[in-house]
Visitor: 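Pasting a structure here, questions to come.
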Amino acid sequence: NVGRSGQSTDLLGSVKVNTAPTVATFFKTCTITSAAAATPVNCLAAADVPAALSAKLGHWHAKVNGGTAWSVTTTCTIEDTAGNDLVVIPVAALTGNNFISNHTAALTYADRYALGTGGAADAGLQIVCDANGATGSDLVIVLMGTVQ
């Protein structure tokens with residue numbers, strides 16, 4: 001059987017792509033601790049982004065996974081592994097048990113995220129903060145998007 005766009009289907013109805021895909025999706029979860037917040041945590045490895053392609057963050061959310069608010073740290077940034085900002089999260093959003101997403105007010109969205117152009121070619125995605133914190137429950141970040 002041949003389905004739409006020249007894709008073949010088997011008897012169970014699954015789709016088999018006849019050529020190599022040009023877009024891959026990702027769903028990654030990573031955790032950064034307040035005590036080591038200035039050390040980048042790799043969420044999508046650069047090795048997972050083929051040459052000349054870019055990781056495009058489509059949606060993200062984060063949760064302070066506990067009741068302790070962050071302090072000392074001023075901002076945390078979702079960036080590509082080349083150091084280009086995508087989203088900057090102020091410490092005011094990192095209160096105990098708080099849920100933060102791309103719809104949360106007071107965040108800074110760089111054009112690479114806001115316009116969908118993505119990170120630098122051959123770069124992965126990471127989270128890093130401007131300083132180690134004195135307190136704060138773990139921050140769990142979920143990143144979803146495409147590599148294309």
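Worth knowing before you read on, the calculation uses all heavy atoms, side chains too, and leaves out hydrogens, waters and symmetry mates.
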Visitor: Could you note down all residue pairs passing side chain to side chain donor-acceptor pair (under 3.5 Å) where residues 120-129 supplies at least one of them, sequence neighbours left out?
Guide: Glu79-Gln126
Visitor: Using a 3.5 Å distance criterion without hydrogens, assess whether the side chain of Thr68 forms a donor-acceptor pair with backbone atoms of Gly136.
Guide: no
Visitor: Is a side-chain N or O of Arg112 found less than 3.5 angstrom from the main chain of Leu86, in a donor-acceptor match?
Guide: no
Visitor: Quick one: side chain to side chain donor-acceptor pair (under 3.5 Å) pairs with a partner in residues 23-33, sequence neighbours left out?
Guide: none
Visitor: Can you give me the closest heavy-atom contact between Thr73 and Ala131, atom names plus distance?
Guide: OG1-O, 2.8 Å
Visitor: Other than Val140, which residues form its hydrophobic cluster under the rule that side-chain heavy atoms must be closer than 4.5 Å?
Guide: none
Visitor: With clusters built from Ile, Leu, Val, Met, Phe, Trp and Tyr whose side-chain heavy atoms come within less than 4.5 Å, directly or transitively, what are the remaining members of the cluster of Val72, listed by chain and number?
Guide: none
Visitor: Among pairs that include at least one residue of residues 83-96, which meet side chain to side chain donor-acceptor pair (under 3.5 Å), considering only residues two or more places apart or in two chains?
Guide: Asp80-Asn84
Visitor: Same cluster or not: are Val88 and Leu125 linked, directly or through other Ile, Leu, Val, Met, Phe, Trp or Tyr residues, by side-chain heavy atoms under 4.5 angstrom apart?
Guide: no
Visitor: Ignoring hydrogens, what is the shortest heavy-atom contact between Ile78 and Ile141? Give both atom names and the distance.
Guide: CD1-CG2, 4.5 Å
Visitor: Please say yes or no: joined through hydrophobic side-chain contacts below 4.5 Å, possibly via intermediate residues, are Leu107 and Tyr113 part of one cluster?
Guide: yes
Visitor: Same cluster or not: are Ile100 and Val142 linked, directly or through other Ile, Leu, Val, Met, Phe, Trp or Tyr residues, by side-chain heavy atoms under 4.5 angstrom apart?
Guide: no
Visitor: Do any pairs count as a disulfide (SG to SG under 2.5 Å) and have a residue in residues 87-123, sequence neighbours left out, and if so which ones?
Guide: none
Visitor: With disulfide (SG to SG under 2.5 Å) as the rule and sequence neighbours excluded, what pairs involving residues 38-118 come up?
Guide: Cys30-Cys43, Cys76-Cys129
Visitor: Just wondering, do Ile89 and Thr108 contact through their side chains at under 4.5 Å, heavy atoms?
Guide: no
Visitor: Considering all heavy atoms of both residues, which atom of Ala55 and which atom of Ala123 are nearest to each other, and what is their separation?
Guide: CB-O, 4.0 Å
Visitor: For the hydrophobic clusters of this structure (ILVMFWY residues joined by side-chain heavy atoms under 4.5 Å, transitively), does one cluster hold both Met144 and Val87?
Guide: no
Visitor: Taking side chain to side chain donor-acceptor pair (under 3.5 Å) as the definition, give me every residue that meets it alongside Thr146, ordered by chain and number, with sequence neighbours left out.
Guide: Gln148
Visitor: Is any side-chain heavy atom of Ile127 closer than 4.5 Å to a side-chain heavy atom of Thr77?
Guide: no
Visitor: To the nearest 0.5 angstrom, please state how far the CG atom of Asn98 sits from the CG atom of Leu139.
Guide: 10.0 Å
Visitor: Tell me the closest heavy-atom pair linking Ala134 and Ser34, and the distance in Å.
Guide: N-OG, 4.1 Å
Visitor: Identify the heavy atoms of Ala38 and Asn132 that sit nearest to each other, and give their distance.
Guide: N-OD1, 2.8 Å
Visitor: What is the minimum heavy-atom distance between Ser71 and Thr135, and which atoms define it?
Guide: OG-OG1, 3.0 Å
Visitor: Apply side chain to side chain donor-acceptor pair (under 3.5 Å) to Asn65 and list each qualifying residue two or more places apart in sequence or on a separate chain.
Guide: none
Visitor: Is a donor on one side and an acceptor on the other found under 3.5 Å between the side chain of Ser101 and the backbone of His103?
Guide: yes
Visitor: Would a single hydrophobic cluster contain both Val128 and Val64, if residues Ile, Leu, Val, Met, Phe, Trp and Tyr are joined by side-chain heavy-atom contacts under 4.5 Å?
Guide: no
Visitor: For Thr104, which residues count as a side chain to side chain donor-acceptor pair (under 3.5 Å) partner, sequence neighbours excluded?
Guide: none
Visitor: When rounded to the nearest 0.5 angstrom, what is the spacing between CZ in Phe26 and CG in Asp48?
Guide: 10.0 Å
Visitor: Please list, chain by chain and in numerical order, all residues satisfying side chain to side chain donor-acceptor pair (under 3.5 Å) with Thr74, sequence neighbours excluded.
Guide: Asp130
Visitor: Is there any side chain to side chain donor-acceptor pair (under 3.5 Å) pair reaching into residues 54-64, and which pairs are they, with sequence neighbours excluded?
Guide: His59-Asn102
